[in-house]
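Note sheet for the following structure.
We count ligands from 1, going down the list as the structure has it; atoms in each ligand are counted the same way. Treat the numbers as computed from the prediction; the structure is a model and nothing was measured.
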Amino acid sequence: MLKTPDVLLLACLVGAASALYKQWVPDTNYENKTNWDKKAVPCGNDIVEFSAQREVSVFVETTHAMQEMRLPLDGEFILDSGAGFYAVSGKDPSCGAGVTTQFKDSESLQWFDPALWQAAATLDDLQRGNFLFSVHEESVPCRYDDVVFKVRSSFRVDISSGQSSIPVKSVSVLGRMFDSRSEFSEYLSSRSGRLQFHGSSSVAVGEPGCGDPSGCDCGNSAHHQRICGTVTCASPSCDKPLLPAGHCCNICGAIVTIHSAAGFNLQTYRQRIYHLFLILPQYKSIQLGMNKVFKPQRLMGIIPFGTSPEIQVVILDGEKGTQSEALARDIVRDAHSHGSNLGITGAEFQASSGGSSDQSGGTAGMVVGVVFGVLIMLTLVIVGVVLIRKGVVQMPSLPSLPSLSRLKRSSDVGELSGPLDHGYDNPMFDKPTMLPDIPGLYGTEINNSISLTQTGVHFVNPVYDENETDFNA
Ligand SMILES: *[C@@H]1O[C@H](CO)[C@@H](O)[C@H](O)[C@H]1NC(C)=O
C-alpha cells in the first residue's frame, strides 16, 4: 500500500498527456467596460473612482483622460508601454456630460467558481476560443493542469480553500509562466502577487502533469461543496435528469460510460469524437465533456474493494435531451465497432430521455465476465462442500474470514502491478496488445475474481494458469 504513491509518481513522470489549460476569465483591466459601473470606460469629462477600502491591481493598455481620479488605499496600475493618465481642465467634446464612474469590485470572485474558467486542450485552442466543456469539478483547475491568466491583463482572485494550498502544474501571469514552487511563492509575496491572489490559502505550482494517457483523477472532489456552493442549478426540464460524477446539477442529456484498457488515450479519443460527430450539423447545440472517474467496486455486489477507473462522457443539449441520446448511441456504436483499436473494452449509456444501451447485448468482456463469475461461484461451492466433508470446516463463518483477508492482499497486488505494467509497456514499446491488456480486457471485476481463484482454488481449474502467472509477475 505504501508504494502506491511512488508508482503513481513514476507514471506521472513518463510524460504529460491529458492535462488541460484552464484560463481565468474575469480581468481587472481599465479598458474592459464590464469593469465600470456605468458599463463604459471613463473619458475626459468623467470622475474616476476606485473604492477606498479595496485592494486592486489594474492593467492599463493605453492613455486615458479624466477630470479627477480617486485612488484606493492600496493598489497598483500595471502600465503597458505607452499607457498613462492625464487630467483635462476644460471640457472634452468627444466625451459625454461627465459622470462619476466607479471601478467594479472583484473581491468576491473565487478560484473555485467553475463559471470563471475556460478550458482548452492546447494554448492555441485557448487563444482561438476552442473551449472544452467539463463537469463543474473539472472546470476549476485540476492538480495536473496549467493555469493561465491572460497576457496583458490583471485580475483579483480569492484563493481561499479548506486546505493550506491549491496544487497545480503551472501558473502563467502577465505572460510569465511559473512551474517552480519557490519562484511562484516568491511572486505571490510580491506586490502584484498579493494584490492578484488573496484569501486563506496559497497556490502551489510544480505538480507533475498527468502521465497517464487514459486520464488522471482531477483531485477536486475534496472541494466539491465549495465548488457547488458557487453554482446555481436550473431546474431540469426532462423526465429523468441525470447527475454526472463531479457535476453539481442534474442535467438533461446523456452519460456514456467507457471501459478502457491499455492503449486508450483520452486526448486522442476526445479528438475522435469531435471530428466524427460534433462537427455534424445535427449536433451543433451539443456540449460534450470527458473525464476519468473512479467508480467504487463491489465484489458480487456486496464487498467493497477499491475503485475502478471509467471514462465518463457527459452530453448536454439545450433541449429535452433527444439529440444527446442520438449522439450517445453513435458513440456507443463506434466504441463497439472500433473499440479494439481504441483501447475500449466496453461502452454503455444512459439518457435522460429514457433510453439506455442494451446491457445484455454487451461486449465480449461482459460475457467473459459472466462466465468467469459463474465458474468462480461453482468452484467456491465445490471447495466449500469438500472442506465441510473433510471436516476442515464446521462453521460457515470460518472460511470467509481468511479468504477475505487474502482477497484484500491480492487486490493490492493487482493495483500495484497494474500501473507498473502500463508504465513500462505502453510508452517504451507502444504495443497495446501485450500482457497488461489481458487484465484490462476482462475488466477489474474479473481481475479480482481471478485473484480469488489464486487464493486457494486455483488447482480446480488449470485452464486459468496463464492468467495467474500474469498476476504473480
Ligand atoms: C471583460 O471582462 C469580462 C468579464 O470579466 C470578460 O468576459 C471579457 O472577456 C473581458 N473582455 C476582454 C476584451 O477581455
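Heavy-atom neighbours of R272 CZ from other residues, nucleotides or ligands within 6.0 Å: above the threshold of 12. The number of heavy atoms from other shown groups lying within 6.0 Å of CD (E107) is above 12. Within a 6.0 Å sphere centred on NZ of K33, other residues, nucleotides and ligands contribute 12 heavy atoms or fewer.
Between D46 and K38 there is no salt bridge, since no side-chain N of the basic residue sits under 4.0 Å from a carboxylate O of the acidic one. Remark: R194 does not engage D74 in a salt bridge, criterion side-chain N to carboxylate O under 4.0 Å.
Short contacts between ligand 1 and P26, defined as distances under 4.0 Å to a heavy atom of the residue, involve ligand atoms 5 (O). In summary, the atoms of ligand 1 found under 4.0 Å from a heavy atom of T34, numbered by their order in the structure, are 1 (C), 2 (O), 3 (C), 4 (C). Listed by atom number, the atoms of ligand 1 under 4.0 Å from V25 heavy atoms are 7 (O).
Considering backbone and side-chain atoms alike, K104 places every N or O at 3.5 Å or more from each N or O of ligand 1.
For an aromatic pair to be called close, the ring centres must be under 6.0 Å apart, and F59 with F149 fails this.
Protein heavy atom at the shortest distance from atom 8 (C) of ligand 1 is N32 ND2, 3.8 Å. Nearest to atom 14 (O) of ligand 1 among the protein's heavy atoms is D27 OD2, 3.5 Å.
For atom 10 (C) of ligand 1, the protein comes within 4.0 Å by at least one heavy atom.
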